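All values reported here derive from a predicted model rather than from experimental measurement. Computed from heavy atoms alone, side chains included, the values below leave out hydrogens, waters and symmetry copies. By convention in this document, chain letters (A, B, ...) are assigned in the order of the sequence lines, proteins followed by strands, and residues within each chain are numbered from 1.
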Amino acid sequence: MKTGTLTAHQAGMISCQTCHLSSRTPHAAKGVTTCPRCGTILHARIPHTLSRSWSLLIAAAILYVPANVLPITISSSLGSTQSDTILTGVIYFFETGSWHIALIIFIASVFIPLFKLLTLGYLLLSIQLNWKGRPRDRTRLYRTIELIGRWSMVDVFVVTLMVALIKLGALANLDAGPGGAYFAAVVIITMFAANSFDPRLIWDALEGNDA
Amino acid sequence: MAEASHLIACHDCDLLHKLPQLSSDGRVTCRRCGAILVRSRTETVSLSLPLVVAGLILFLLANCFPFMAVSSGGIQQDTIFISGIFQLFQQQMWGLGAVVVLTTLLAPLLHLLGLLYILTLLSLEKKVPAGREILKGVIALQQWSMLDIYMLGVLVALVKLLKMTTVIPGIALYSFAALIVVQVAISIVLDHHHLWEKVVPS
């Protein structure tokens, strides 16, 4: 083994996910071991990381359909009502000239969720198929989706604000549509999916080549 | 169980590193995958405590004063920060309302309160009862506090609204914007590693 490339797992230590303290695991560990500093249960790797991440990913992918097909806002103005989905909202912004806002909503509500779903799927696949290539880039990808995932909530907040403000009687009225709830669910479930994915598995796959 | 507080394992690739004595502000990154292992801020308590207090005051202001009002065709609609949540519950969007309550009210408030408790006791150089559990809670709440994303939502909504109505900003809106700035400042000066060492002395 090369010096200086020892992982905690190889050294018989477990790193706490909460406070990052490294503890030496006793050899015949019975029952549950907890971190001496913060009391969190210690796991060498996130338990059932692959099955949890896959199932959450698939659930989010399924809910992504009603999130985009069902309307997130239902506006009524002077007698006529109009239902808008996330996509029609983007198109509306684009057509009325605020293309920068259209871009923000498109990136936050269409691109980021799709990117997160596809990237997480790619990362999970890379571990299942035991790929050894580009571990650093894959880790960076994981960190990226962890960071940007929550920003998809922006559309939910826009709807929240609009339903409070557009209450001008017969002139203009806005109600939240069912799509919003599904969309919030997609964002939250993908957050949980990213949390249950253990990026250390990317690097564990490389250990097969070391002496 | 033997703990090795002079070693740290990268949370992204599990590589062990010797933790250098962090006597000044700086950061330690994983030499294999680039993850930030430690963001050291020696004066973290004295820097973050006033920010947390300011944040709580701003949070209070943001919820107690008028947030935004729109007027069109002689009708004006005034709102406070939680008006949107009320509307969602009135429309029986319970799940969505609950999510907004969690991410814009509960998580930010509890995060700040938890920090206030820990930092106040640490600055008075006292022991922190239940410090472990509260610090764990504070760390867990961080990713669920989405006020900065709400701010972006406000900006998007503003663009939409300015097209068809007149928008009247309220005190709460400015307090909210200031709160976001304070939250960013807190995330810069907060050193979790240092807090763990102080809250649970080895």
Checklist outcome for this item: Contact list (residues 63-87 of chain A to chain B, heavy-atom gap under 4.5 Å, by number) returns none

Next on the checklist: Is any side-chain heavy atom of A/Met162 closer than 4.5 Å to one of B/Leu161?
Outcome noted: yes

Checklist entry - Is B/Leu162 atom CG crowded by more than 12 heavy atoms from other residues, nucleotides or ligands, each under 6.0 Å away? => result yes

Checklist entry - Given a strict heavy-atom distance threshold of 4.5 Å, which part of B/Ser72 is in contact with chain A: side chain, backbone, both, or neither? => result both

Item to check | Most chain A-contacting option - heavy-atom pairs closer than 4.5 Å, from B/Met164, B/His17, B/Lys163 | outcome: B/Lys163

Checklist outcome for this item: Distance col, row B/Ile8:CD1 vs A/Met13:CE, nearest 0.5 angstrom, shows 11.0 Å

Checklist entry - Would you call A/Leu161 and B/Val154 a side-chain contact if the rule is heavy atoms closer than 4.5 Å? => result yes

Next on the checklist: So for atom OH, which belongs to A/Tyr142, do other residues, nucleotides or ligands contribute more than 12 heavy atoms lying within a distance under 6.0 Å?
Outcome noted: yes

Next on the checklist: To the closest 0.5 Å, what do you measure between CG (A/Asp204) and CG (B/Asp14)?
Outcome noted: 6.5 Å

Checklist entry - Side chain, backbone, both or neither: which part of A/Leu201 has a non-hydrogen atom closer than 4.5 Å to chain B? => result neither

Next on the checklist: If we define contacts as heavy-atom pairs under 4.5 Å, which of A/Ala185, A/Gly39, A/Ala184, A/Ala108 has the most with chain B?
Outcome noted: A/Gly39

Item to check | Close side-chain approach of B/Thr165 to A/Leu165, heavy-atom, < 4.5 Å | outcome: no

Item to check | Under 4.5 Å from a heavy atom of chain B, the part of A/Ile202 involved | outcome: neither

Checklist entry - Are A/His20 and B/His193 an aromatic pair by the rule of ring centers under 6.0 Å? => result no

Item to check | Segment of A/Cys35 engaging chain B (4.5 angstrom heavy-atom cut-off) | outcome: backbone

Checklist entry - With a cut-off of 6.0 Å (strictly less than), are more than 12 heavy atoms of other residues, nucleotides or ligands near NE2 of A/His48? => result no

Checklist entry - Side chain, backbone, both or neither: which part of A/Tyr182 has a non-hydrogen atom closer than 4.5 Å to chain B? => result neither

Checklist entry - Roughly how far, to the nearest 0.5 Å, is SG of A/Cys19 from CG of B/Leu195? => result 12.0 Å

Item to check | Heavy-atom proximity to chain B below 4.5 Å, by part of A/Ser152 | outcome: neither

Item to check | Spacing of A/Ser15 atom OG and B/Leu37 atom CG [to the nearest 0.5 Å] | outcome: 9.5 Å

Item to check | Close side-chain approach of B/Cys13 to A/Thr139, heavy-atom, < 4.5 Å | outcome: no

Item to check | Part of B/Val70 within contact of chain A (heavy atom distance under 4.5 Å) | outcome: both

Next on the checklist: Between B/Gly153, B/Ala9, B/Cys33, B/Gly84, who has the most heavy-atom pairs with chain A when the cutoff is under 4.5 Å?
Outcome noted: B/Cys33

Checklist outcome for this item: Heaviest contributor of heavy-atom pairs below 4.5 Å to chain B, chosen from A/Val187, A/Asp175, A/Val158, A/Ile166, is A/Asp175

Item to check | Residue part contacting chain B, namely of A/Val154, when any heavy atom lies under 4.5 Å | outcome: both

Next on the checklist: Are B/Leu15 and A/Trp203 packed together at the side-chain level, in the sense that at least one heavy-atom pair is separated by less than 4.5 angstrom?
Outcome noted: no

Checklist entry - Can you say whether A/Tyr92 sits under 4.5 Å from chain B via the side chain, the backbone, both, or neither, judging by heavy atoms? => result side chain

Checklist entry - What residue in B/Ser83, B/Ser71, B/Ala35 has the most heavy-atom pairs under 4.5 Å with chain A? => result B/Ala35

Item to check | Donor-acceptor contact present, side-chain A/Lys167 to main-chain B/Gln77, <3.5 Å | outcome: no

Next on the checklist: Let me confirm one number: the NE2-SG distance from B/His11 to A/Cys16, rounded to the nearest 0.5 Å.
Outcome noted: 12.0 Å

Checklist entry - What part of A/Leu147 gets closer than 4.5 Å to chain B, counting heavy atoms only: side chain, backbone, both or neither? => result neither

Checklist entry - Do the non-hydrogen side-chain atoms of B/Val156 and A/Phe157 ever get within less than 4.5 Å of each other? => result no

Next on the checklist: Within the supplied structure, the quantity of interest is the number of heavy atoms (other residues, nucleotides, ligands) at a distance under 6.0 Å from B/Arg41 CZ; does it exceed 12?
Outcome noted: yes

Item to check | Contacting region of B/Phe81 [heavy-atom separation from chain A under 4.5 Å] | outcome: neither

Checklist entry - Per the salt bridge (Lys or Arg N to Asp or Glu O under 4.0 Å) rule, which among A/Arg143, A/Arg136, A/Arg138 passes with B/Asp12? => result A/Arg143

Checklist entry - Side chain, backbone, both or neither: which part of A/Asp137 has a non-hydrogen atom closer than 4.5 Å to chain B? => result neither

Item to check | Option that, when pairs with chain B are counted at under 4.5 Å, heavy atom only, ranks first among A/Ala11, A/Gly149, A/Cys38, A/Ala164 | outcome: A/Cys38

Checklist outcome for this item: Expected contact set for residues 141-152 of chain B against chain A at heavy-atom separation under 4.5 Å reads B/Gln142, B/Gln143, B/Trp144, B/Ser145, B/Met146, B/Asp148, B/Ile149, B/Tyr150, B/Leu152

Checklist entry - Side chains of B/Lys160 and A/Ile101: closer than 4.5 Å at any heavy-atom pair? => result no

Next on the checklist: Nearest 0.5 Å, please: how far is OG1 in A/Thr160 from CG in B/Leu88?
Outcome noted: 5.0 Å

Next on the checklist: For residues 183-192 of chain B, give me every residue with a non-hydrogen atom less than 4.5 Å from any non-hydrogen atom of chain A.
Outcome noted: none

Checklist entry - Got a sec: does the CZ of B/Phe89 have more than 12 other heavy atoms crowding it under 6.0 Å? => result yes

Next on the checklist: With a strict 4.5 Å heavy-atom criterion, list every residue of residues 90-105 of chain B that contacts chain A, or say none.
Outcome noted: B/Gln91, B/Met93, B/Leu96, B/Val99, B/Val100, B/Thr103, B/Thr104

